[in-house]
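Just so it is clear, the values below take in all heavy atoms, side chains as well, and ignore hydrogens, waters and symmetry mates.
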Amino acid sequence: MEYRSLTIEEIGILESRGCKAEDWSAINVAYEFSPDNIRNVSFYGEVNLGVFDKYLEVSQGFRKHTGIKNATLRNVTIGDNCLIENIGNFINNYTIGEECYISNVNTIETTEGATFGQGHMISVLNEMGDGNVMLFDGLTSQVAALMVNHHKDRELMSALKRLIRQEIAKTVPDRGTIGFGVKIVNTSEITNTHISDDCEIIGACRLSDCSIKSIPEASVYIGSGVICENSIIFDGTSILNSVKLENCFVGEACQITNGFTAESSIFFANSYMANGEACAAFCGPFSASHHKSSLLIGGMFSFYNAGSATNFSNHAYKMGPMHYGILERGTKTASGAYLLMPANIGTFSVCFGKLMHHPDTRKLPFSYLIAYGDTMYLSPGRNLTTVGLYRDIRKWPKRDMRPKSGQKSIVNFDWLSPFSVGEIIEGKKILERLREASGDNVTTYNFHEYVINASSLRKGIKYYDIGLRIFMGAVLKRHKVELPKSAVGTGRWIDLCGLLMPESEETQLIDDIKSGAITDINQVLDRFIVINANYPEYRWTWAYQMILDYYGLDTLTDDDAARIHQDYVTARRAWIAEIRKDAEKEYAMGDVEDEVLENFLEKLDHEIDFENVDH
């Protein structure tokens, strides 16, 4: 915007309206500026003002004329048609966009050396350890997972930190900014905080050294009593009701409410936190905590709902509108132990907070762990055929509240993928080896410190085989029968906090970062996008070899594909039948109303409609 100096007449009008300036020659205004709506304002340093010739809606159906009243401004630029009134202390070193409403605020200030929450190193998973995640506004669950998983690789960490600092140097403004259409009302203090367009801050206590980022389709709301320090908050997030955040990153479409407190923690994609506390927690996509007694500390969570005392306590209501008590992609502690196994959207019951430390135990995915006295019984694969899993497969994509333009963290909802199916294959092999070693004429099998009933072992093999056949048939529906175009996809797969990818691609990315082939942190983000876009081809490469191995084939023909499809239909119907039995069993326990059961069974009856649909 081009500015001009005030005229002598305009200075006289301003002074007659209670305004004063340290130096009137340092006050610049838009060419169409009129002093009519400026009252009781003290100007210090260089101040640039736009025009104030419109009305602004301050509440639904309530419009007030724009202008500046009862304020002290120092080194401030204010865009057109803002309404700024009743500033108790001052606004210092800030650029304010057009059509903002700022009322009853004590202090808004940028101090020397402000970083707006960017560049801080925080320690995730280990609250007493060295920092392993650098906060910046390009952080995604994938970048954070890369840093946490490989924090001992000093060369990689040094390179990543260098790339992030380069980006921060290019993007961080020299003073605080408030974007277009921002509303800040009844708030005590805002210091060293960048606020993007359309954000609302109503009744907050203090925002200090923060970046609040938004997009037009998903603004940020910060409510009463909130204190945020050294934190970054992203698109579509709501933080309200006396929440306290320190050294945190809050990703897209999260909700943090009802007195929740968090320190040195990161939250991504649709996480919901209320009442409890988090410290050094890595809360990946769809992490939830509702209870006052919940403390998420030193853990890595994803597709996870923290229950009260034990997750099992709420697990009965599987057909109702809410499904608590689930452990899905896995809960990882700082020591690397898992609360059961990290399966892709597979649900698990957790009894008495038992940790499974032995690495082989993680190779029995989709399993129940049940305690009777001092004995722990393992039911392998049981959750493959539960109502809970069936609901989860369908509910998570529907609960993604992020607009497509605001999906920075990648979330792949494929419940049967090379990642989870690879675990299923290993689980099936373990069960088959146990049966081979001990024979069929035993009542139980011992697997490390756990007991598997003979009937549970047989069912586990059956359930795992159903899962394998469903996966193969589903992939063949999505891909024509042909040789893979690339070797990428063979070997082990990983879940990089929502991104399902071949481990070889992660290894290549790490090598490129360390070698200097990647020179910009945005290239890292772009690489993740490319990997995700190539997921169908990578999956086909992996599945093609898996199909050959499973059926003992040298090559895959159309006739083979027809046979595999028929096996898929048979397995899928068996799967639905088992889910039906689980639903009817739950109904018999008296936990479910007739109408709920009937509606659920009707959905199952329609599953046959999807057998030949590519989805």
Side-chain angles (χ1 to χ4, degrees), residues 293-295 299 301 304-318 323-343 346-389 420 423-467 578 581-582 585-586 588-591:
S293 60
S294 294
L295 169 59
F301 313 92
Y304 173 79
N305 194 329
S308 58
T310 70
N311 285 333
F312 189 73
S313 64
N314 289 319
H315 202 66
Y317 298 96
K318 295 185 292 185
H323 181 52
Y324 292 113
I326 54 176
L327 176 59
E328 289 163 336
R329 287 203 182 179
T331 304
K332 188 176 182 182
T333 68
S335 66
Y338 282 80
L339 289 170
L340 293 191
M341 291 68 71
T347 58
F348 306 92
S349 291
V350 180
C351 299
F352 315 117
K354 177 70 175 180
L355 285 176
M356 304 182 74
H357 288 275
H358 197 285
D360 284 347
T361 318
R362 289 163 46 193
K363 295 298 184 181
L364 293 174
F366 298 97
S367 297
Y368 273 141
L369 180 64
I370 303 173
Y372 291 100
D374 294 331
T375 305
M376 301 297 294
Y377 287 88
L378 195 63
S379 296
R382 177 65 183 91
N383 262 304
L384 274 168
T385 57
T386 61
V387 172
L389 174 66
S420 58
E423 298 289 292
I424 289 174
I425 291 172
E426 290 301 312
K428 185 184 176 188
K429 289 179 180 177
I430 289 172
L431 298 183
E432 289 171 340
R433 287 196 294 266
L434 283 175
R435 183 174 61 181
E436 182 180 352
S438 301
D440 289 323
N441 298 320
V442 296
T443 57
T444 61
Y445 296 86
N446 293 321
F447 181 61
H448 304 296
E449 64 264 43
Y450 309 102
V451 176
I452 303 176
N453 287 325
S455 60
S456 295
L457 185 137
R458 290 191 295 271
K459 288 179 181 178
I461 293 174
K462 171 188 171 183
Y463 297 152
Y464 285 154
D465 199 58
I466 286 174
E578 292 289 337
K581 286 196 297 185
D582 190 53
K585 179 180 178 181
E586 186 182 343
M589 293 169 61
D591 292 330

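Interatomic distance, R433 CZ to F447 CZ, rounded to the nearest 0.5 Å: 8.5 Å. The CD1 atom of I461 lies 13.5 Å from the NZ atom of K429; values are rounded to the nearest 0.5 Å. From K459, atom NZ reaches atom CD1 of I466 across 11.5 Å, with rounding to the nearest 0.5 Å. For the atom pair L364 CG and I430 CD1, the distance stands at 5.0 Å (nearest 0.5 Å).
The nearest pair of heavy atoms linking Y463 to G381 is CD1-O, 3.5 Å. Across all their heavy atoms, L384 and L389 have their closest contact at O-CD2, 3.4 Å. For T444 against N453, the heavy-atom pair with the smallest separation is CG2-OD1, 3.5 Å. Closest approach of S456 to L378, counting heavy atoms only: CB-O, 4.3 Å. When all heavy atoms of E423 and P365 are compared, the pair lying nearest together is O-CD, 3.6 Å. Heavy atoms only, all atoms of each residue included: K428 and Y464 are closest at N-CD1, 3.6 Å.
Contact annotation: the side chain of Y450 approaches that of L369 to within less than 4.5 Å [non-hydrogen atoms, C-beta and beyond]. Between R458 and S455 the shortest side-chain heavy-atom distance falls below 4.5 Å. Using a 4.5 Å heavy-atom threshold, the side chains of K462 and E578 count as touching. Between E586 and T386 there is no side-chain heavy-atom pair separated by less than 4.5 Å.
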Query - Verdict with reasoning, S438 to R435, per side chain to side chain donor-acceptor pair (under 3.5 Å) - result: CA-CA 5 Å; S438 301; R435 183 174 61 181; over 6 Å; no
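Residues passing the salt bridge (charged side-chain N to carboxylate O under 4.0 Å, His left out) test with K585, sequence neighbours excluded: none.
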